[in-house]
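Just follow the structure's listing: the first ligand is 1, and inside any ligand the first atom is 1. We're numbering straight along the sequence, starting at 1.
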Amino acid sequence: MKSMIPIVIVGARGRMGTQLIREVVNSDDLALAGAVDRTGAPGMGEDAGKLLGLPEVGVRLTDTLRPTRGQVVVDFSLPEGTETNIARCLEAEASLVLGTTGFDSSTIDKLKEAGKTISIVSAANFSVGVTLLTKLAALAARALGPSWDAELFELHHKHKRDAPSGTALRIAKAVASATDRTLDANMLAGRAGNHGPRQDGEIGVAALRGGDSIGEHTLMLLGDGERIELSHRATDRAIFAIGALRAARWVAAQDPGLYDMADVLGLASLS
Ligand code: NAD
């Protein structure tokens, strides 16, 4: 009999969490092993399948993450809980697929440290298309050089809390790294008022919010007399869940390490 990969979903009542549970329940190689949400979330203690109008899956919604060895925790919740969730995965030697965005540099340090012991895939965007766009952005920026002006805009639904999006930061960072720049020194997030002319080497990022947009990112590379635009538009939230579960299948078989979606897709060495 085929062995199933046990998956624990954190943020189980959220937009992403519910999509992930549906994908897991409908797959033939993944098994739902846990469903976690915040204390006081609606449906606590009820069957995670039944909550979504699916047949019962025998897994009750809980507010405490308690993974076991060999399970893959897929966390799409809020950054406040990320460090605790990393610690729980470490204690249990469970793998982690981290989709939550908006966490700070102290959490990144914790992830790097944890990656010495357990296998982790962390990505600001689990879409295969965005992963490729990020790689194309780096290739284009390197080929064109920093004299081409890099400007990025992103659009997301009105509920999104963090800005610029984790994906926009990732694309901007790919452009910066490919041209020996850094985000700290070169990124300008939003322009208003009399800020003067554009500085050489600047990487501009603009965040738009509204409606139900799942996520759009466009990188413009502007030269004198010509311009390149690299765009990705997400039209179905399922792409993130499908990508995250592709990462879950992959990470279950990896040695300890902190990986990203480019590793999962085998794009990491492309330069
Ligand atoms: P959402 O608000 O619909 O869902 C978040 C869920 O997490 C809610 O059910 C909430 O109750 C729960 N939650 C909050 N704190 C928690 C805690 N401490 N422990 C457990 N559960 C907790 O949000 P969403 O649209 O599903 O997005 C969730 C996260 O995933 C956000 O950070 C978002 O930016 C990110 N996201 C990432 C990707 C990607 O590809 N990496 C794609 C989409 C969304």
Side-chain angles (χ1 to χ4, degrees), residues 8-24 34-46 48 51-52 59-67 73-89 96-104 107-108 111 120-134 154-171 207 209 211-217 232-248 250-251 258-265:
V8 179
I9 305 294
V10 181
R13 295 295 278 151
R15 284 176 289 256
M16 283 301 302
T18 49
Q19 188 82 50
L20 284 158
I21 291 175
R22 280 182 199 284
E23 295 289 339
V24 170
V36 184
D37 210 288
R38 65 176 167 79
T39 306
M44 211 36 75
E46 291 179 41
L51 281 170
L52 300 183
V59 172
R60 292 185 184 281
L61 184 69
T62 166
D63 61 2
T64 311
L65 174 62
R66 280 200 201 92
V73 173
V74 180
D75 181 0
F76 280 74
S77 56
L78 290 186
E80 289 79 353
T82 306
E83 293 196 9
T84 306
N85 297 341
I86 295 168
R88 296 265 158 81
C89 290
L96 173 64
V97 171
L98 182 60
T100 306
T101 62
F103 49 73
D104 58 22
T107 306
I108 294 172
L111 276 174
I120 303 171
V121 180
S122 172
N125 192 311
F126 275 96
S127 127
V128 169
V130 163
T131 306
L132 186 59
L133 173 74
T134 308
E154 54 103 337
L155 166 66
H156 282 87
H157 57 85
K158 58 191 168 195
H159 305 292
K160 186 166 178 62
R161 294 167 186 229
D162 50 315
S165 70
T167 302
L169 293 174
R170 182 107 191 152
I171 296 169
R209 292 287 174 268
D212 61 356
S213 168
I214 291 172
E216 304 190 10
H217 294 85
H232 177 269
R233 289 185 188 91
T235 55
D236 189 336
R237 184 168 288 273
I239 60 171
F240 305 119
I242 291 166
L245 295 177
R246 181 166 169 171
W250 182 87
V251 82
L258 176 57
Y259 304 99
D260 64 19
M261 199 53 187
D263 294 303
V264 176
L265 301 184

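Annotation: salt bridge (charged side-chain N to carboxylate O under 4.0 Å, His left out) contacts of R22 (sequence neighbours excluded): none. Partners of T62 by side-chain hydrogen bond (donor to acceptor under 3.5 Å, both in side chains), not counting sequence neighbours: none found.
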Enumerate donor-acceptor pairs with a distance under 3.5 Å from any side-chain N or O in residues 37-46 to protein atoms, sequence neighbours excluded.
from: D37; atom 1: OD2; to: A12; atom 2: N; distance (Å): 3.3
from: D37; atom 1: OD2; to: R13; atom 2: N; distance (Å): 2.8
from: T39; atom 1: OG1; to: D63; atom 2: OD2; distance (Å): 3.2

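Only one option out of I239, L265, V264 pairs with V128 in a side chain to side chain contact (heavy atoms under 4.5 Å, CB included); it is L265.
For an aromatic pair to be called close, the ring centres must be under 6.0 Å apart, and F76 with F126 satisfies this.
Residues with a heavy atom under 4.0 Å from ligand 1: V10, G11, R13, G14, R15, M16, D37, R38, F76, S77, L78, G99, T100, T101, A123, A124, N125, F126, K160, R237, F240.
Judged by distance alone, with hydrogens and angles left aside, the side-chain atoms of D260 form a donor-acceptor pair with the main-chain N or O of D263 at under 3.5 Å.
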